[in-house]
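Protein chains get the first letters and strands the later ones, always in sequence-line order, with residue 1 at the start of each. Computed from a prediction, not measured in an experiment: that's the story for all the values here.
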Amino acid sequence: MAPDRTAALSELALLLQNSGATPVVRRGRVVPSVVYDLRYRVAITACAFTRHARPHPGMSKAISIRSDKLKFLQFIAIRPWLVGPVREWSRAKGDAQRSMWTSDRLKRGFIGDTMHDHIVDYLVAAGLLARMANGTHLTGGAALQNLTADIVREDLFVSERVALDELSEITVTNEMLEGL
Amino acid sequence: MIQLREVQVRVQSEAGPLEGRHVFRPGLNVICARNAFGKSLSVNAIPWCLGLEVLFGRPNNDSTFFPLAAHSRIDLPDGTAARVLSSEASILLERDDKARILLSRAIKGDTTTVRVEETNSGGVKTSSKLMARSQAMQDEHGGLQRFLFDWFRWPRQKVMTFKGTEVDVYAENLAPLFFIEQQHGWGDLQATQIGRYAQQQIAEVSVEYLLGALQAIRSRFEKNRLQSMESALRERARNISERIQSLFQKQGWAVEWSGDGSIRGIEAHWSSRSLMTAIVQDTKVDLAAERTRFTEQAASLRSELTKGRIDLSSVSAPAGASQRAIDLKQRRHELNTELHRLKGQLDQGREVAHSLEHRLQASEDVLRLVTSGVGRLAEVECPTCHRHLVPDDFALAAQSAESIEAHIAALKRDLELMSRNGTSLERALIKTHAEAERVDADLRDAERALQIVNEAVGPAREQIAAVAARLTTVERAIDRVAQTAADIQAFQGEVDHWLGEARGLRQVDTSTADLPKRVAAFTEALRNYLMAWGHSAINPDNSAELHLDERYDPYLGALRVKALGSASDGARLIAAYTLALAAASAQPSIRGLHPGFVILDEPLQQNPDKEHRKLFLAFLHKHLAQDAQFQTVIFTSLDESEIKSLQRQKITVSPLHAKHFLQPPSGTAGAEASPSGVSEK
C-alpha cells in the first residue's frame, strides 16, 4: 500500500513550526478524494460489470462487456449528475443541431480516465477480469458478482447503482464510446 | 350486564303472515341450522334493531342487507313464491336488574324509526318511538343511540376526528367487538369498524371503552385535541409566514421570519421582535423615515409647482426628463445583467452542492467499506505465480480510514459553505428582483413624464409639466410606503393574535392509571382463549410471550399473532379476541362497559376443514366456553353427531329442523328456537 501522503505534510508542518512559523495544515484539503481510492473504483467497476455485462456468445457461463463501454459506464456512475446530459447526448445522435449543444467535455472526459485503465489492469492481473481474444471485450467470473451482491446487501453506493440502472435505458452508441 | 333474550322476525306476505323466533338463555347458546334456513335473517335482526346497519356498509335505514325473504319475495313450502307486503324485526334485551327493552323496527315499511317498549326493574312499562339513525345520538329525547347509551349505562365519550372536530364514540364503533358478522367480520380484528367518521384511533378507543378505561380515553382525547390544535396553529403560522415572506420578497427585503418548527420555537422567534423592528434590523429600511422624506419632497415640489419661479430662458426640462428615462433604462439593464449572473451562480452552486452531496455519500460508504470490511476482496494475488499484487505497481492506492475521515470532514465543510452561499445568493436574487421591479415602475413614470414634457409648448409649460410629473411620482411613492406600513401592521396583528393563542395552549393530563390492569386482564384472557380455541401458534410454553401493542394488536414476542399459524387460525384469533374482551370486562375487578353478550355468526364457514370443526367443538366442550360470565350466541351449522356430542356436555344447543325460520303463526313450534329438547345447564 502507498505511504500516507498526509504524513509527509505533517512533517513539513512540524519543520515550519520549528522555524517559528505557525502553519495550519487542513488535512481534508490535501487528502485525495475517494474517487481515487482503489476500493471505491473496484466496487463501482464491479457494479457496472455485473449490471451491464451480457452472456457472451459461444461461452456458456461467462458474461462479458466491451471494455470501452465499461469505462464509460463507471465514469458516469461515479458522477451520477451526468446521467441527464448523457441521455441528451444519446437522444441528440442523428440530430446535428441538437448534437452541437452537448458538452465536448463530457464526450471526451471519460476517455482520459486513466485510473480506470489501471483498475482494469489490476483486476486482470488478479484474475478477476480477463481480456478476451477479440481485444475489445472483458469477461469475468463470480468474484465481481459476489462483490456486487455484498454491496447491494449492505446498501452501499446507492446513487452510483441507480445511475447504472438508468444508463441501462439509454442507448450508448459506438460513436459515443469513441467520444464523437 | 345485558343479555339478548329473544329475536323475532314477522313478515306479512301476499300468502299471509309468517314469523320466526329465537329465544336465548344465559351463557353459551349454539343455534344450529342447515344453510338457507334463515339464520342470517335472525342474526341481522340484532344490529338492525340496534340501528347498526352501517356495520354492513349500508346507508342509514337501508335494510337491503337482509335476505330477500325479509323485504321482497318469500319462497313458500309448496314451491310458490309470495310478495312481501311488510316486515318487522324485534329483539328483547334484559339488563342484570331485570329491566327489559323490546326494540322493533320495520324491515319493509318505515325503517327510519324504532319502537321501544321498556319495562323497568319495578315492572313499569313505557313505550316510545325513536329515530333509528338521524340525529340518533344528538337528539336527547328522540334518538335511539342516545336512549341505548343511557339504557346500556354507557357514558358518552368524545373523540377527535382527523378534521379536528369532536364527535361521540357511537354504538357502531363498539359493536365490531361483540358482533362478528358472517361476511366481513371474520376478515380481521374489528373488520367492520367504521372508518369514514374519521375518528382518531377509534379501534383503540373502542377496546378501551369496553374495558371501561374511560380515563385513558379522556387522556387520549385531550392529547389528540392538543395535537389537533397545535397542528392547526402550525398551519396558520406557516400561512402567516408565507404571506409575510411574500410581502418582504416584493419589497426586496431579506428578513428572517420563518413559520416552521415547533409551536414553542415559533412563539420564541416571533415574540423576540416585532415585524417593523425586524425590517429595520435586517434591511436598515425605516418606513416611517422614508415616508417623512417623501412627504417633505412632495411638499417641496408642491411649493415649486405653485410658487416657484419659472425661468423662461431655460429649455433644460425636456433634456432632464429624457436623461432620467435613459438613466433608469441603463439601471434596468444593469439589474437584468445582475439577475442573470445571480441565477447562473445559484444554478451552478446547486449543481456543486449536488455533486458534493454525492461525494460525501460515496466517501461515507467507502469508509464503511474500509472499517467494516464489507465487500472486501479476498487476498488479491496473481493467479499464476501467486505473488501478492501491490496496488502501487498499478499506480493505484487505497486510502487509510483516517484519510477518508479527513476528506469527509472537508466535504461537510464545503457543503455547509455552499449552503450558506446559496442562501446568500437567494437573498441577493430577491433583493435585485425587487429593485428591478421598482426601477420598472420608475421607468414607466419617467417615460410618461417625458411624453408630457415633450407635448408641452414653451419653456414655462415644460418646467411645470416636469415638476408635476415628479410630484406624481413622489406621491405614488408615499402611497406605496403607506400601504406597505399598513400591510405590515395588519400582519403584526395576525402575529400577535397567533402568539396569544399559542400561549393559551397548555399541557394536558395524560394519566392513564385505569388502563394497565384492564389491559393485563384482557391479555391474560386472550392467552387463555387462544389456547382454548387451539390457535396453532400459541401454546403453554410460549403463551407468556403474548402481549398487546399500543394498538391492542396481539403479538407473540416480536411477531404479530395475525401473521402466525394457519389460515384458519385467523378466525380462531378473532373469536378468542372477541370473547377475551368480554371475559376481561366481566371480571369483578375490572367491571368494564362490555354489554355482556357476544354474537359469533358462522365461525365455521370461514374455513370448513375438519380440523377447524374439531377445534371449534373442542372449544365448546371447555369450561372456558361454558362457564363464561357473559352470554355467547353462536350461529352455525352442525351435523347430528356434533349436536349430540355437545348436548351430552349439557351445552345449550338449538337444532332447528324446520325448513325455514319463517313459518305461519300457527306453526311457531317448528320455528321457535327455544332450547326445546335441550338440556340446560
Side-chain angles (χ1 to χ4, degrees), chain A residues 1-7 25-44 46-47 77-82 114-128 130 143-144 146-161 163, chain B residues 347-348 350-417:
Chain A
M1 190 175 286
D4 189 348
R5 292 181 181 93
T6 58
V25 178
R26 290 192 183 279
R27 301 188 69 231
R29 299 292 171 208
V30 292
V31 293
S33 161
V34 292
V35 169
Y36 304 105
D37 183 80
L38 166 70
R39 286 155 303 201
Y40 178 60
R41 298 298 290 261
V42 167
I44 302 306
C47 290
I78 290 168
R79 301 160 182 82
W81 56 91
L82 291 181
T114 51
M115 184 168 178
H116 172 72
D117 300 334
H118 298 149
I119 292 286
V120 170
D121 290 343
Y122 178 73
L123 293 175
V124 169
L128 302 176
L144 291 184
N146 292 341
L147 176 58
T148 305
D150 283 349
I151 288 165
V152 172
R153 194 180 55 246
E154 294 296 325
D155 210 24
L156 291 166
F157 309 123
V158 174
S159 53
E160 289 89 341
R161 288 188 285 116
Chain B
D347 287 346
Q348 282 173 5
R350 282 179 182 148
E351 273 180 33
V352 172
H354 177 59
S355 68
L356 281 173
E357 279 166 11
H358 166 73
R359 288 271 176 262
L360 183 61
Q361 186 59 54
S363 303
E364 284 172 346
D365 283 355
V366 172
L367 183 62
R368 192 145 72 89
L369 195 129
V370 172
T371 51
S372 68
V374 172
R376 199 167 62 89
L377 287 174
E379 188 65 16
V380 181
E381 60 177 28
C382 172
T384 50
C385 67
H386 300 292
R387 185 173 63 87
H388 174 67
L389 294 180
V390 181
D392 265 1
D393 296 344
F394 296 85
L396 297 169
Q399 295 170 35
S400 65
E402 190 192 6
S403 167
I404 297 167
E405 278 169 358
H407 183 55
I408 287 172
L411 285 172
K412 282 183 176 168
R413 278 196 299 274
D414 288 351
L415 202 54
E416 172 64 24
L417 187 70

List the atom of A:Tyr122, the atom of B:Leu396, and the distance in Å for their closest heavy-atom pair.
CB-CD1, 3.8 Å

Approximate separation, where rounding is to 0.5 Å, of A:Asp121 CG and B:Asp393 CG:
11.5 Å

Please report the shortest heavy-atom distance between A:Leu38 and B:Pro391, naming the atom on each side.
CD2-CG, 3.7 Å

Between A:Ala43, A:Ala126, A:Ser159, A:Ala46, who has the most heavy-atom pairs with chain B when the cutoff is under 4.5 Å?
A:Ala126

Contact class of A:Ser33 relative to chain B, heavy atoms under 4.5 angstrom
both

Do side-chain atoms of A:Arg39 reach the backbone of B:Gln399 as a donor and acceptor pair under 3.5 angstrom?
yes

Quick one: are B:His358 and A:Trp81 in side-chain contact, heavy atoms under 4.5 Å?
yes

Distance col, row A:Leu123:CG vs B:Phe394:CZ, nearest 0.5 angstrom, shows 9.0 Å

Whether A:Asp37 side chain and B:Ala398 backbone form a donor-acceptor pair below 3.5 Å:
no

Contact check, side chains of A:Val35 and B:Arg359, non-hydrogen atoms, under 4.5 Å:
yes

Between the CD atom in A:Glu160 and the CG atom in B:Asp365, the distance rounded to the nearest 0.5 Å is 7.0 Å

Check the pair B:Val366 / A:Phe157 against side-chain contact (heavy atoms from CB on, under 4.5 Å), numbers first and verdict last.
CA-CA 8 Å; B:Val366 172; A:Phe157 309 123; 3.8 Å; yes

For the pair B:Arg368 (side chain) and A:Glu154 (backbone), establish whether a donor and an acceptor sit closer than 3.5 Å, ignoring hydrogens and angles.
yes

Contact part of A:Val158 toward chain B, heavy-atom cut-off under 4.5 Å: side chain, backbone, both or neither?
backbone

Pair count under 4.5 Å, heavy atoms only, with chain B: among A:Asn146, A:Ile78, A:Asp117, highest is A:Ile78

Under 4.5 Å from any heavy atom of chain B, what part of A:Ile119 do you find: side chain, backbone, both or neither?
both

